[in-house]
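Excluded from the calculations below are hydrogen atoms, water molecules and symmetry mates; all remaining heavy atoms, backbone and side chain alike, are included.
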Number of protein chains: 2
Amino acid sequence: MDRRSQILTVAGHLFSQRGYHATSIRDLARALNLQGGSLYAHIASKEELLLEVVRQAAQKFQEVLEGLTGDPVAKLKALVRGHLRVIAEELPRATVFFHEWKHLSPPYLEEAKALRRRYEEGVRKVVEEGVEAGVFQVEDVRLATLFLLSALNWTYQWYRPDGPLSLEELSEAYAGMLLRALGAEGGQDGEA
Amino acid sequence: MDRRSQILTVAGHLFSQRGYHATSIRDLARALNLQGGSLYAHIASKEELLLEVVRQAAQKFQEVLEGLTGDPVAKLKALVRGHLRVIAEELPRATVFFHEWKHLSPPYLEEAKALRRRYEEGVRKVVEEGVEAGVFQVEDVRLATLFLLSALNWTYQWYRPDGPLSLEELSEAYAGMLLRALGAEGGQDGEA
DNA sequence: CCTACCGATCGGTAGG
DNA sequence: CCTACCGATCGGTAGG
């Protein structure tokens, strides 16, 4: 891992834990055993660092969408599993993607919004496909997509990979509940 | 509304929009047509303001729990409706309750965590009651509660009271999807 | 990558 | 509630 990647990883950790504004360039430098000013040999600005972390997270989420195959139920299960896996494996970056992006200013802010929109569009298509195939029974595709994204996104707030719940267990349970919410039968019976 | 309440309301707006650390005491003073130092005639510290906003939001959410009556399905519907109503009516405070509380430091931080835990416990009891009554079919009450809270909490990120979706429509649709996710039949048929 | 520094701004206080 | 100020810290730069 080159110096630049190291810096981005540490920045992701600090931004996600303390927040972007509460993390100073000197905090970041200290965590890298550097002097404050030395960072600017590697980066252009603090804000550029934030954007780069957002880009990395967006890339991971986008890869999940690109790997989906099969019928709508299979796609939804893989989407849930993949989304939760990215959160588990890339918790700092995912957290920044979900939150700290708001602190970017206009030139960068637009890009972050576009990256998030692109992902949400991809999720919407999965829902839409299921509705068109008659597999999902929902009144409003947009609202069902927001519901799905809500359930998935908030997990970064409480899920910890080293906690009592394995990623497999979480994915299985969430996929089951979400499929039922979407009115799909797909092998789910709702019994314990 | 006395001066103190005005200050808290404006602080809630600014903290929720820009974030706690990105909001300076002088920003807040300017929004109130005051000089920076004058604020300290009314408040003890910036952090105390943040805690107070968190307390106000917690109070609103807690009132929702206390107003629940009837069978488990009725309680869950009222919980969904009430939770979303607080978000719609108190968006800035709710946003601070969901996020900015993390920037409190230990003496205050513990109180904020306790307030959040208390609410989540109340939500868990609603789920538990439904499971014990045999109305909800879920494998893991804790996980189902987190799922429910996830779907509800994230709405503050996208729902806007002046948007295309009325609070009634949102509540109805969310309650329906959540009841299905929890394996309840309760008058829901899943058809459009 | 370091030293030494820039102007700006931070939360907060004294004294009125 | 204002004026004037405190020390500390901010993001960033020059020169090496």
Side-chain angles (χ1 to χ4, degrees), chain A residues 1-55 92 96 99-109 111-112, chain B residues 1-55 92 96 99-109 111-112:
Chain A
M1 192 152 79
D2 62 9
R3 205 70 175 121
R4 168 99 182 169
S5 302
Q6 276 179 39
I7 293 172
L8 286 172
T9 299
V10 175
H13 274 89
L14 293 179
F15 291 168
S16 69
Q17 280 167 18
R18 311 183 192 175
Y20 175 70
H21 280 109
T23 303
S24 75
I25 279 293
R26 285 162 183 84
D27 290 336
L28 179 55
R30 198 176 310 117
L32 290 157
N33 286 314
L34 290 180
Q35 297 302 314
S38 306
L39 266 173
Y40 289 89
H42 302 93
I43 68 171
S45 70
K46 186 187 171 189
E47 199 174 9
E48 177 227 18
L49 269 182
L50 176 55
L51 176 64
E52 201 61 43
V53 173
V54 168
R55 280 183 182 147
V96 170
H99 262 110
E100 302 303 318
W101 67 272
K102 288 184 188 175
H103 295 115
L104 289 166
S105 48
Y108 294 146
L109 183 62
E111 178 175 340
Chain B
M1 191 154 76
D2 62 8
R3 206 69 176 120
R4 168 100 182 167
S5 302
Q6 276 179 38
I7 294 173
L8 286 172
T9 298
V10 175
H13 274 89
L14 293 179
F15 291 167
S16 70
Q17 279 167 18
R18 312 183 190 174
Y20 175 69
H21 280 109
T23 303
S24 74
I25 279 292
R26 284 163 182 83
D27 289 338
L28 179 56
R30 198 177 311 117
L32 290 155
N33 286 315
L34 291 180
Q35 296 303 313
S38 307
L39 266 173
Y40 289 89
H42 302 93
I43 69 171
S45 69
K46 187 187 171 189
E47 199 174 9
E48 177 227 18
L49 269 183
L50 176 55
L51 177 64
E52 202 60 43
V53 174
V54 167
R55 279 182 182 148
V96 170
H99 262 110
E100 303 303 318
W101 67 274
K102 288 183 187 175
H103 296 115
L104 289 165
S105 47
Y108 295 148
L109 182 63
E111 179 175 341

Specify the closest pair of heavy atoms between A/L51 and A/L104, including all atoms of both residues, with the distance to one decimal. N-CD2, 3.9 Å

Could you tell me how far apart A/I43 (CD1) and D/dG12 (C1') are, to the nearest whole angstrom? 10 Å

Has A/R3 got a side-chain N or O lying under 4.0 Å from the OP1 or OP2 atom of C/dC1? yes

With a 4.0 Å cut-off, would you call A/K46 and A/E100 a salt bridge? no

Using the side-chain heavy atoms of B/Q35, tell me which of these nucleotides is nearest: D/dC2, C/dG12, D/dG12. D/dC2

Round to a whole Å and report the spacing from CG of A/L32 to P of C/dC2. 11 Å

Rounded distance in Å - CG (A/L28) to P (D/dG11): 10 Å

Distance test, side-chain N/O of B/S24 to OP1/OP2 of C/dT9, below 4.0 Å: no

Testing B/V96, B/L109, B/L50 for side chain to side chain contact (heavy atoms under 4.5 Å, CB included) with B/W101, which one passes? B/L109

Let me know the distance between NE2 of B/H42 and P of D/dC2, rounded to the nearest Å. 10 Å

Counting Watson-Crick and G-U wobble pairs only, both distances under 3.5 Å, name the nucleotide matched with C/dG16, or none. D/dC1

Rounded interatomic separation in angstrom, taking CG from A/L14 and C1' from D/dC10: 16 Å

What does B/G36 touch in the nucleic acid at a heavy-atom separation under 4.0 angstrom: a base, only the sugar-phosphate, or nothing? nothing

B/Y20 vs B/H103 aromatic rings, parallel, tilted or perpendicular, using cut-offs 30° and 60°? parallel

A/H13 atom NE2: more than 12 heavy-atom contacts under 6.0 Å: no

Whole angstroms only, please: what is the NE2-P distance between A/H21 and D/dT9? 18 Å

Interatomic distance, B/Y40 OH vs C/dG11 C1' [rounded to whole Å]: 5 Å

Tell me the partner of D/dT9, counting only Watson-Crick (N1-N3 plus N6-O4 or O6-N4) or G-U wobble (N1-O2 and O6-N3) with both under 3.5 Å; none if nothing fits. C/dA8

Whole-Å distance between C/dG12 C1' and B/E47 CD? 14 Å

